[in-house]
Amino acid sequence: MQSMCKRETEPHLVGNPVYTWRNILLGLSEVHCLSRQTTSETTGCMFLNRILRGVQSLIMASKYNIVFVLGGPGAGKGTQCSKIVDKFGFIHLSAGDLLREERAKPGSEYGELIENHIKNGTIVPVEITCSLLERAMKDSGKMDFLIDGFPRNQNNLEGWNKEMGEKVNLKFVLFFNCPLEVCTQRCLDRGAAGSGRSDDNLESLKKRFDTYMNATMPIIEHYEEQDLVRKIDATRSPDEVFEDVEKLFS
Ligand SMILES: Nc1ncnc2c1ncn2[C@@H]1O[C@H](COP(=O)(O)OP(=O)(O)OP(=O)(O)O)[C@@H](O)[C@H]1O
Ligand SMILES: Nc1ccn([C@@H]2O[C@H](COP(=O)(O)O)[C@@H](O)[C@H]2O)c(=O)n1
């Protein structure tokens with residue numbers, strides 16, 4: 001049977017609501033025509049597949065698109081995220097920034113706990129971080145997010161998967177690879193330039209690196225096994241790093 005109308009089947013359109021509804025309606029109208037004609041089972045399956053693709057596309061369109069951004073303290077995650085935002089219109093949510101904001105709220109029930117974790121370079125329980133992230137996502141009214149500095153340990157990963165796993169489409173994990181010495185110097189310079197961060201000092205940095213090596217690297221390895229990690233050499237200048245980054249979003 002001849003196709004009644006040209007359909008869009010390009011993979012990049014999957015998730016696009018117009019494409020989704022168009023394919024569902026075309027599939028349904030073809031099934032309707034088929035039911036009035038004698039035709040093979042194979043052709044029927046083809047049209048059913050088309051409908052299923054449309055439904056799948058609809059489900060994808062209703063999910064948040066996520067890129068996790070990971071790397072050591074000072075690797076340049078925030079710097080690159082702001083360039084991605086400018087060029088590709090994502091919403092940047094930094095888990096660390098959200099925790100610092102929560103800590104600063106007068107009367108926050110978690111303020112003290114968050115400050116203790118930040119100073120010690122340890123990781124705040126996922127229930128707190130995940131709910132801050134989900135609230136920020138909902139409040140933005142947008143669908144495409146860079147989630148910077150998350151998931152940082154097994155507890156982050158499990159809590160996120162439980163609460164958000166079904167609501168998101170994880171596109172990839174952007175990993176800024178940078179040696180400890182370079183990262184340390186960047187954070188110390190940031191502190192000296194007046195970042196005001198209670199953890200841009202040598203004592204906190206040692207603890208943050210410990211957490212990074214022992215708790216965050218296994219998470220990156222976990223995503224590597226799923227072929228989701230896009231590793232970038234973050235030792236170069238911000239513009240040079242971005243040349244590689246933008247290729248992943250184009
Ligand atoms: N490619 C780069 N070369 C040199 N300096 C950089 C580069 N990228 C960022 N910086 C500087 O290093 C410091 C840390 O950068 P940034 O805040 O982007 O890192 P981060 O990975 O988000 O850090 P953190 O995890 O501690 O929040 C900043 O002062 C920033 O200006
Ligand atoms: N998922 C996270 C992210 C951050 N933290 C705490 O915030 C500190 C600063 O994080 P940056 O990403 O801004 O460097 C970090 O050392 C943690 O104490 C967290 O608990 N969970």
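Ligands are counted one by one from 1 in listed order, and the atoms in each one are counted from 1 as well. Each residue takes its place number in the sequence, starting with 1.
Looking at ligand 2, you won't find any N or O of Asp199 less than 3.5 Å from one of its N or O atoms. Looking at Ala95 next to ligand 2, no N or O pair under 3.5 Å apart turns up. Taking any N or O of Ala75, backbone or side chain, at least one lies under 3.5 Å from an N or O belonging to ligand 1. Considering backbone and side-chain atoms alike, Arg236 places an N or O below 3.5 Å from some N or O of ligand 1. Considering backbone and side-chain atoms alike, Ser94 places every N or O at 3.5 Å or more from each N or O of ligand 2. Polar contact with ligand 2: present for Asn156 (N/O pair, distance under 3.5 Å). For ligand 2, none of its N or O atoms has an N or O atom of Ile123 under 3.5 Å away. At a 3.5 angstrom cut-off on N or O pairs, Pro73 does not count as close to ligand 1. Ligand 2 has no nitrogen or oxygen under 3.5 angstrom from a nitrogen or oxygen of Asp97. Here's the thing with Gly74: one of its N/O atoms is less than 3.5 angstrom from an N/O atom of ligand 1.
The CG atom of Asn169 lies 9.5 Å from the CG atom of Asp144; values are rounded to the nearest 0.5 Å. One distance of note links CD1 of Ile114 with CG of Leu132; it measures 6.5 Å at 0.5 Å rounding. To the nearest 0.5 Å, atoms SG (Cys81) and CG (Leu174) are separated by 7.0 Å. Atom OG1 of residue Thr79 and atom CZ of residue Arg190 lie 8.0 Å apart, to the nearest 0.5 angstrom. Interatomic distance, Ile232 CD1 to Asp244 CG, rounded to the nearest 0.5 Å: 5.0 Å.
Contact analysis leaves Lys119 out of contact with ligand 2, as no non-hydrogen atom separation drops below 4.0 angstrom. Proximity of Lys77 to ligand 2 is not established, as no heavy-atom distance is less than 4.0 Å. A heavy-atom separation below 4.0 Å is found between Ser237 and ligand 1. The shortest separation from a heavy atom of Gly71 to ligand 1 is not under 4.0 Å, leaving the residue out of contact.
Ranking the protein heavy atoms by distance from atom 15 (O) of ligand 1 puts Thr79 OG1, 3.7 Å first. Closest to atom 27 (O) of ligand 1, if we only count protein heavy atoms, is Arg197 NH1, 3.1 Å. Protein heavy atom at the shortest distance from atom 5 (N) of ligand 2 is Leu99 CD1, 3.4 Å. When hydrogens are left out, the protein atom nearest atom 20 (P) of ligand 1 is Lys77 N, 3.5 Å; that is the closest non-hydrogen contact. Nearest protein heavy-atom contact of atom 22 (O) of ligand 1 is Gly78 N, 2.9 Å.
A salt bridge links Arg208 with Asp200: the distance from a Lys NZ or Arg NE/NH1/NH2 to an Asp or Glu carboxylate oxygen falls below 4.0 Å. Using a 4.0 Å cut-off between charged nitrogen and carboxylate oxygen, Glu243 and Arg236 do not count as a salt-bridge pair.
Of the residues listed (Ile128, Leu99, Ile118), the one engaging Leu113 in a side-chain contact (heavy atoms from CB on, under 4.5 Å) is Ile128, and it is the only one. Of the candidates Trp160, Phe172, Phe176, Phe68 forms a ring-ring contact (aromatic ring centres under 6.0 Å, His included) with just one, namely Trp160.
Across Ala234 and Arg186, no two heavy atoms sit closer than the pair O-NH2, 2.9 Å.
Annotation for ligand 2: atoms under 4.0 Å from non-hydrogen atoms of Thr122 are 17 (C), 18 (O), 20 (O). Near Arg100, the atoms of ligand 2 lying under 4.0 angstrom from a non-hydrogen atom of the residue are 9 (C), 13 (O). Of all the atoms in ligand 2, the ones that sit under 4.0 Å from a non-hydrogen atom of Ile118 are 7 (O), 8 (C), 18 (O). For ligand 2, the atoms lying closer than 4.0 Å to a non-hydrogen atom of His117 are 18 (O). In summary, the atoms of ligand 2 found under 4.0 Å from a heavy atom of Phe150, numbered by their order in the structure, are 1 (N). Each of the following atoms of ligand 2 lies closer than 4.0 Å to a heavy atom of Val124: 19 (C), 20 (O). Every atom of ligand 1 is numbered from 1 in the order shown, and the set under 4.0 Å from a heavy atom of Pro238 is 1 (N), 2 (C), 3 (N), 7 (C). In summary, the atoms of ligand 2 found under 4.0 Å from a heavy atom of Gly149, numbered by their order in the structure, are 1 (N), 2 (C), 3 (C). Interface atoms of ligand 1 facing Gly76, defined by a heavy-atom separation under 4.0 Å, are 8 (N), 9 (C), 15 (O), 16 (P), 18 (O), 19 (O), 20 (P), 21 (O).
Considering each of Arg190, Gln80, Arg186, the one bringing a non-hydrogen atom nearest atom 11 (C) of ligand 1 is Arg186. Taking all heavy atoms of Arg197, Arg208, Arg152 into account, the minimum distance to atom 15 (C) of ligand 2 is reached by Arg152.
Side-chain atoms of Asn116 and Glu112 form no donor-acceptor pair, as typed in the model, at a separation below 3.5 Å.
No more than 12 heavy atoms of other residues, nucleotides or ligands sit less than 6.0 Å from atom NZ of Lys206. Atom CD of Glu246 has more than 12 heavy atoms from other residues, nucleotides or ligands within 6.0 Å. Sparse packing is recorded around CD of Glu166, with 12 or fewer heavy atoms of other residues, nucleotides or ligands lying under 6.0 Å away.
Within the 4.5 Å cutoff, the side chain of Asp86 has no heavy atoms near those of the Phe242 side chain. When side chains are defined from C-beta on, Phe249 does not count as touching Lys87, because their heavy atoms never get closer than 4.5 Å.
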Task: Trace of the salt bridge (charged side-chain N to carboxylate O under 4.0 Å, His left out) decision for Lys138 with Glu134 - done: CA-CA 6 Å; Lys138 281 188 183 150; Glu134 188 174 11; 3.5 Å; yes
